Amino acid sequence: MTRYGLLILPATNRVYARAAVDLTRAELEIFGRSALDGRIGELDTEVVGGASYITFTGDGLTERDLAVLGNLSAGYALFEIVGELLRPIEWSRLDRYDDDLLTIQKYPGKTNEQFTKLLLNVTLLASDWAAEMTSRRFRVLDPLCGRGTTLNQALMYGFDAAGIERDQKDVEAYRAFITTWLKQKRVKHRVLESGPVRRERKVVGRRVRIELAPTREEHKAGQTQLLDVVNADTARSAEFFRPETVDLVVADAPYGVQHGSRTAGQGLTRDPLALLADAAPVWARLLRPGGALGISWNTHVASRDDAAAALADAGLTVVDAEPYRALRHRVDQSIMRDVLVARRPA
């Protein structure tokens with residue numbers, strides 16, 4: 001049985017850096033269970049030369065397995081442990097674009113990009129298509145997309161990305177960022193739509209749709225990705241996206257500290273449960289059978305049991321395995337963030 005050491009990627013956020021080891025251990029266990037047939041075992045943590053490593057055993061990891069593990073949210077480098085020596089192992093990632101797609105945006109309330117990647121990963125791994133992580137082009141919807149952190153991570157993976165956001169300023173800021181970034185990076189793309197959406201002579205939202213590809217060759221061959229962002233209330237998502245057309249729904253809910261969420265019935269509220277009660281049934285209908293929904297929220301304003309009940313009421317089955325319960329972590333004094341993942345039954 002081969003023993004491995006995983007070096008953790010340094011995090012710019014010091015609070016998140018302290019939680020990264022435990023979070024990555026849980027994420028690695030989820031990878032092992034869902035995509036690697038349970039062939040990851042004996043997880044532990046060691047300090048080597050002043051750096052923290054997660055150690056584990058792997059039974060016959062193949063090139064494909066290493067390509068899957070290369071997408072761990074905090075994975076920096078992987079080594080085979082041979083006695084007291086560390087032998088570097090070459091692995092690959094899904095990343096299709098330069099990493100400044102994820103890091104260049106800076107604004108108050110931005111979700112840590114390492115956590116965004118973790119949330120997307122554990123949601124994908126709960127779906128029926130976990131084993132196809134490196135071969136399937138998933139369609140990801142962020143129904144609370146803000147300025148697009150999750151959308152950018154989905155694009156980085158080569159997936160299609162869709163989002164809906166009520167705040168017009170956030171949508172405009174994201175549109176300006178992504179169109180400028182695509183031009184500056186000379187990424188082959190085409191704006192399919194940009195402007196108001198009208199129905200019965202009334203403006204019901206605004207939308208930007210962009211077709212893009214990492215290379216000119218892929219674009220010419222029709223191997224394109226679609227970015228589709230709508231400025232409208234998330235409870236109206238089904239007016240813009242067809243039922244059962246989304247593989248993954250991934251959302252970082254408002255924390256009820258700097259800003260709240262809006263629901264049709266209550267207006268502005270700091271209660272994510274009201275948001276889930278209003279919108280989760282809509283999100284669930286957009287999921288393909290076998291798809292998964294992952295959401296993070298502040299447990300100081302809603303308990304895990306209540307959030308799980310809201311997802312169950314929407315017809316979803318909460319994934320409650322032990323590693324999924326180990327993703328709770330502190331963000332700051334007023335925010336204790338947790339993650340819930342649920343599946344739409346096939």
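What you see is a predicted model; the values in this text were computed from it and never measured.
- The only option from Glu113, Gln153, Glu27 that meets the side chain to side chain donor-acceptor pair (under 3.5 Å) definition with Ser73 turns out to be Glu27.
- The shortest non-hydrogen separation linking Leu327 to Ala26 is CD2-CB, 3.8 Å.
- Here the OG1 atom belonging to Thr111 is positioned 16.0 Å from the NZ atom belonging to Lys117, to the nearest 0.5 angstrom.
- When all heavy atoms of Val171 and Val230 are compared, the pair lying nearest together is CG2-O, 4.3 Å.
- If you run salt bridge (charged side-chain N to carboxylate O under 4.0 Å, His left out) between Arg3 and each of Glu84, Glu42, Glu46, only Glu46 comes through.
- Within the 3.5 Å criterion, the main-chain N or O of Asn71 finds a donor-acceptor partner in the side chain of Asn121.
- Leu78 and Leu94 fall within a single hydrophobic cluster, where Ile, Leu, Val, Met, Phe, Trp and Tyr are joined by side-chain heavy atoms under 4.5 Å apart, directly or via other members.
- A salt bridge does not link Asp167 with Arg147: every distance from a Lys NZ or Arg NE/NH1/NH2 to an Asp or Glu carboxylate oxygen is 4.0 Å or more.
- With respect to the salt-bridge test (charged N to carboxylate O, under 4.0 angstrom), the residues Glu172 and Arg175 qualify.
- Taking the six-membered ring where tryptophan is involved, the planes of Tyr157 and Phe159 are perpendicular, since the angle between them exceeds 60° and thus also 30°.
- Both Trp91 and Leu118 sit in one connected hydrophobic cluster of ILVMFWY residues. Membership requires side-chain heavy atoms under 4.5 Å apart, directly or through other members.
- Side chain of Thr57 to main chain of Gly41: a donor-acceptor pair is present (N/O by atom type, distance under 3.5 Å, no hydrogens or angles).
- Of all the heavy atoms in Ala302 and Pro272, the pair that sits closest is CB-CG, 3.7 Å.
- Asn231 approaches Arg166 most closely through the heavy-atom pair ND2-O, 2.9 Å.
- By the 30° and 60° cut-offs, the orientation of the rings of His329 relative to Phe115 is tilted.
- Residues Leu119 and Ser296 share a closest heavy-atom pair of CD2-OG, 3.9 Å.
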